[in-house]
Amino acid sequence: MIETSALSMLDRTEPAQCTVCCCTLVNKIFMVLFMVLLIFATLIGNLVTLAVVVGNKHFHTPQGYLKASLAVADLAVGIFVVPLTVYAEVYIMVAGSAPEWTSYNSQSVTFHPCNIIGPIFAGCTFVSITTIFLLTIERSIAVLRPLHKDSVITRKRTTILIFFSWVGSFFLAVSPMVFSSEIALEYNSCSRMCNYALGTIGEFPSQAWNILLLYPAFDFTLLGGTVVINIISLSSIRQHSKHRKTLAETEIHTTSNPTFSDIKAAKTIGTLTVAFTASFTPIAVFVVGNVLGNEWCNFSFFAFWILATNSCWNVIIYSVRDQKFRLRAHKLLMPHRQNTTKT
């Protein structure tokens with residue numbers, strides 16, 4: 001994710017800034033507890049999603065493949081991104097000072113943890129956006145062109161699209177460091193995450209500006225397209241619902257209409273889109289304000305961690321909206337209760 005700064009981190013000696021959540025010991029403890037709970041929620045939720053998708057043939061579909069890809073991206077956030085912050089914050093509380101690597105950016109040392117964690121968070125965020133976009137495309141075809149669904153949306157094509165979404169997303173994530181020597185990664189004391197920043201002193205270079213603009217341009221384009229396609233699909237579903245009574249009364253049946261499961265799935269993806277858009281909006285506002293010269297330290301913390309919490313929302317949405325997924329997940333989490341009920 002992006003955090004622009006015209007000041008070099010190479011010789012930073014001032015104390016780390018504190019946000020409203022991290023200035024007192026009590027607030028720090030609550031913050032760490034929140035992060036630990038987020039790790040467990042993300043791991044358990046997405047592991048359950050993968051188990052349901054992989055372990056049941058009903059979910060061996062293009063939509064199931066895309067949901068599995070989304071779960072892997074969210075899982076990576078819980079395994080790599082959040083634990084690094086927990087380690088840094090616990091180290092500060094125990095040792096009374098920050099780890100040495102948090103005082104420097106990636107340009108000043110041979111190896112910096114943010115060189116790995118930063119691109120993972122950015123890449124997984126891009127994967128989530130592209131996957132939700134692909135899910136929306138898949139559902140829109142199922143709703144708008146139900147007769148062509150099986151011929152257009154195949155598992156092989158979906159697998160290829162998933163592969164390219166991962167490759168393209170992580171290429172975009174590392175592109176700032178690849179194409180500009182001005183950009184570095186740092187552990188930001190405001191967001192409590194690894195962010196992109198300028199590693200040199202002076203005016204904001206035009207080349208770095210253009211590269212950093214790739215992120216909001218990519219995000220806004222895909223999210224905007226996703227919202228538009230969802231609106232079209234949901235409008236079609238509404239029209240279909242209006243005519244359904246008429247078709248039932250006249251006993252006219254046609255195979256050109258989307259099935260109930262397709263409609264249900266489209267609404268689920270619509271809910272998923274709303275949740276991700278809501279979690280990404282604070283980041284979008286922060287980036288715009290940051291480019292205009294506003295640091296917004298407290299807002300930075302909330303914006304980045306609201307986005308991070310999105311990694312555990314998907315399984316909740318599936319469980320609420322998809323009855324088959326809910327039953328499978330319940331069976332995985334409570335197998336003994338299921339056996340007791342049967343006996």
Joint hydrophobic cluster, [X] plus [Y], side-chain heavy atoms closer than 4.5 Å:
X: Val36; Y: Ile29; result: yes
X: Ile229; Y: Val274; result: no
X: Ile317; Y: Val227; result: no
X: Ile160; Y: Ile162; result: no
X: Ile79; Y: Leu307; result: yes

Is the backbone N or O of [Y] less than 3.5 Å from a side-chain atom of [X], with the two atoms forming a donor-acceptor pair by type?
X: Ser300; Y: Trp296; value: no
X: Arg321; Y: Lys264; value: no
X: Ser169; Y: Ser165; value: yes
X: His112; Y: Glu186; value: no

[Y] and [X], any side-chain heavy atoms less than 4.5 Å apart:
X: Phe170; Y: Cys124; result: yes
X: Lys28; Y: Ile92; result: yes
X: Met193; Y: Asn188; result: no
X: Asn46; Y: Val315; result: no
X: Met177; Y: Asn115; result: no
X: Phe276; Y: Leu223; result: yes
X: Trp166; Y: Ser69; result: yes
X: Val82; Y: Trp305; result: yes

Criterion side chain to side chain donor-acceptor pair (under 3.5 Å) against Asp74, the qualifying member of Asn310, Thr131, Asn314: Asn314
For the residue pair [X] and [Y], categorise the inter-ring angle as parallel (less than 30°), tilted (30 to 60°) or perpendicular (more than 60°).
X: Phe286; Y: Phe299; answer: tilted
X: Phe325; Y: Phe59; answer: perpendicular
X: Tyr91; Y: Tyr87; answer: tilted

Contact summary for [X] and [Y], nearest pair of heavy atoms:
X: Arg326; Y: Ser319; result: NH1-O, 2.5 Å
X: Ile306; Y: Pro282; result: CD1-CG, 4.3 Å
X: Ser191; Y: Phe304; result: CB-CD1, 3.5 Å
X: Asn56; Y: Val52; result: ND2-O, 2.8 Å
X: Gly55; Y: His60; result: N-NE2, 4.5 Å
X: Ser128; Y: Ala73; result: OG-CB, 4.1 Å

Determine, for Tyr318 and Lys67, whether the Lys NZ or Arg CZ falls below 6.0 Å from the six-membered ring centre while staying within 45 degrees of the axis. yes
Roughly how far, to the nearest 0.5 Å, is [atom2] of [Y] from [atom1] of [X]?
X: Ile141; Y: Ser233; atom1: CD1; atom2: OG; result: 9.5 Å
X: Ile183; Y: Asn105; atom1: CD1; atom2: CG; result: 12.0 Å
X: Thr158; Y: Ile137; atom1: OG1; atom2: CD1; result: 12.0 Å
X: Arg192; Y: Glu89; atom1: CZ; atom2: CD; result: 4.5 Å
X: Leu84; Y: Cys114; atom1: CG; atom2: SG; result: 6.0 Å
X: Arg139; Y: Leu66; atom1: CZ; atom2: CG; result: 10.0 Å

Partner of Leu70 by side chain to side chain contact (heavy atoms under 4.5 Å, CB included), out of Thr49, Leu75, Leu272, Val127: Leu272
Verify side chain to side chain contact (heavy atoms under 4.5 Å, CB included) between Phe34 and Thr309, making sure each step is shown before the conclusion. CA-CA 10 Å; Phe34 158 74; Thr309 56; 3.6 Å; yes
For Met35 and Thr85, run side chain to side chain contact (heavy atoms under 4.5 Å, CB included): C-alpha distance rounded to whole Å, both residues' side-chain angles, the deciding distance at 0.1 Å, then the answer. CA-CA 8 Å; Met35 293 175 181; Thr85 300; 3.5 Å; yes
Between Asn230 and Thr273, is there a side-chain donor-acceptor contact under 3.5 Å, judged purely by atom types and distance? yes
Evaluation steps, side chain to side chain contact (heavy atoms under 4.5 Å, CB included), between Phe40 and Leu43: CA-CA 5 Å; Phe40 280 105; Leu43 295 181; 5.6 Å; no
Greater than 12 external heavy atoms within 6.0 Å of Arg155's CZ: no
Please determine whether the number of non-hydrogen atoms from other residues, nucleotides or ligands lying under 6.0 Å from atom CH2 of Trp313 exceeds 12. no
